[in-house]
Number of protein chains: 2
Amino acid sequence: MISIDYQSKLPLYEQIAQKFQTLILKGALSPEVQMPSVRTLAVELSINPNTIQKAYSLLEQQGYIYPVKGRGNFVSDSSVLVQKEKESLLEDVRQLIEEGKELGVRQTEFIQVIDRIYRKGD
Amino acid sequence: MISIDYQSKLPLYEQIAQKFQTLILKGALSPEVQMPSVRTLAVELSINPNTIQKAYSLLEQQGYIYPVKGRGNFVSDSSVLVQKEKESLLEDVRQLIEEGKELGVRQTEFIQVIDRIYRKGD
DNA sequence: TTTGTGTACTATATGAAATAATACACTTCA
DNA sequence: TGAAGTGTATTATTTCATATAGTACACAAA
C-alpha cells in the first residue's frame, strides 16, 4: 500500500505523509475509512512506530485525518483539501511556466503537453 | 548578487548552486565570465569557504562552470544546459498537470494560466 | 617573490531524523 | 471484568548530513 524510497532526501515521515495525502486526495481512501494502526504499519514497513506517528501527526495537523483515542485514526472529509490542493498546484504550474518562458520555451509547447494529457485519458 | 534563505530546508551549498544555475541559464552570467572566488564569496555571504567550494563542485559536476587552477572558476557555455533544463522543466510541468487532471482541474484552467503569462510579458 | 586562486585534508560541532524502550489512557469485545 | 488493540507521550541514544574551523599545497599572474 505504501512504499518507501531510501534514496530520497525527504524524511521518512514526510514521504509517508505524502503518500497518504495522494491516496486521500485522489479518493483511493474515502472519508471515515480507518487508517492502518501505527504499530501495524510500522511492522509492515519495517520502521519505527514513532516515525509512523510523526507522519500521522503531520497528516492530522494538515487536516487529512483525525484521531480517536483507543480506536484509531480516520480519514477526514477531504473536499476542502482538494480545493486547496488544486490552487497550490495551479500556482506551482504558473511558476514553472514563467521559468520556462524565460528559458525560451514556446507557448505551443506547453499547450501540446496539456493537449496530450487531456486527450489521452478520455 | 546571491542571497541565502536560512528558513529553507535546502542545504546552503545547494541554495548557492541553484542561484548560480538560474543566473547562468537566464544569461545573467555569460560564458567565460569569472565566478567570484571561493574566499571572496565566503566573506560576502559570511559563511565558510568550504561551503562555497562544495557549491562550486556541484556546479562543475553539472557542467555549469569549469575550474582553472590558480586562476579561478569560469562560466561554461550553457546552450546545451538550457536545452536540458527546458526538457526537465517540461517534464515537471507534465507531471503536475497529470496530477491536476486527477484532482479535477479542467483543461481550460491550465490554458488560462499559460495565456496570461504569455500575453503579459510581451 | 608576493598575492590570489583552486584544491585537499582532518577534526569538530550541530541539528534533524530515526530508532529504542517504556508507559499510560482509552475503546472494544469476549 | 479482563485482555487485546488503539493513540499518545516521554526519554535516551544513534546516525548522518551539514556546516564550520584550521591548515596546507600547487598553480598563475603581476
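In the text below, chain A, chain B and the rest are named by the order of the sequence lines, each starting its count at 1. The analysis underlying the following values was restricted to heavy atoms, covering all of them including side chains, and did not include hydrogens, waters or symmetry mates.
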### Message
Nearest to the A:Tyr56 side chain among C:dT7, D:dT20, D:dG7, which nucleotide is it?
### Response
D:dG7
### Query
Taking only residues two or more places apart in sequence, or in another chain, which ones meet B:Val33 in a side chain to side chain contact (heavy atoms under 4.5 Å, CB included)?
B:Leu29, B:Ser30, B:Val75
### Message
Going by side chain to side chain contact (heavy atoms under 4.5 Å, CB included), name the residues that satisfy it together with B:Ser8, two or more places apart in sequence or in a different chain.
### Response
B:Asp5, B:Leu10, B:Gln15
### Query
Other than A:Val80, what residues sit in its cluster of Ile, Leu, Val, Met, Phe, Trp and Tyr side chains whose heavy atoms are under 4.5 Å apart, directly or through others?
none
### Task
Using the salt bridge (charged side-chain N to carboxylate O under 4.0 Å, His left out) rule, collect all pairs that involve residues 19-29 of chain A, keeping only residues at least two apart or in two chains.
A:Lys26-B:Glu102
### Message
Using heavy-atom distances to pick each residue's nearest nucleotide on DNA chain C, tell me which of A:Glu14 and A:Arg39 is more 5'.
### Response
A:Glu14
### Donor-acceptor side-chain pairing of B:Gln21 and B:Gln62 below 3.5 angstrom
yes
### Query
Does a nitrogen or oxygen in the side chain of B:Ser37 sit under 4.0 Å from OP1 or OP2 of C:dT5?
yes
### Query
In chain order, what residues pass the side chain to side chain contact (heavy atoms under 4.5 Å, CB included) check against B:Lys86, with sequence neighbours excluded?
A:Leu103, A:Val105, B:Val82, B:Gln83
Under 3.5 Å donor-acceptor pairs involving side-chain atoms of residues 49-58 of chain A, not counting sequence neighbours:
{"unit_1": "A:Asn50", "atom_1": "ND2", "unit_2": "A:Asn48", "atom_2": "OD1", "d": "3.4"}
{"unit_1": "A:Tyr56", "atom_1": "OH", "unit_2": "A:Pro36", "atom_2": "O", "d": "2.7"}
{"unit_1": "A:Ser57", "atom_1": "OG", "unit_2": "A:Gln53", "atom_2": "O", "d": "2.9"}

Show me the protein contacts with nucleotides 9-11 of chain C, counting only N or O atoms at under 3.5 Å.
none

### Message
Does C:dT19 have OP1 or OP2 under 4.0 Å away from a side-chain N or O of A:Thr51?
### Response
yes
What side-chain donor-acceptor pairs closer than 3.5 Å can you find for residues 66-74 of chain A, not counting sequence neighbours?
{"unit_1": "A:Tyr66", "atom_1": "OH", "unit_2": "A:Glu32", "atom_2": "OE1", "d": "2.5"}

### Query
Counting side-chain heavy atoms from C-beta on, which of D:dT18, D:dG7, C:dG6 comes nearest to B:Lys54?
D:dT18
### Message
Whether A:Tyr13 contacts C:dA17 is assessed here as follows: a side-chain N or O lying under 4.0 Å from the phosphate OP1 or OP2. Is that the case?
### Response
yes
### Query
For DNA chain D, what residues of residues 59-76 of chain B have any heavy atom nearer than 4.0 Å?
B:Lys69, B:Gly70, B:Arg71
### Query
Where each residue is assigned the nucleotide of DNA chain C containing its nearest heavy atom, which of A:Pro49 and B:Thr40 is assigned the position nearer the 5′ end?
B:Thr40
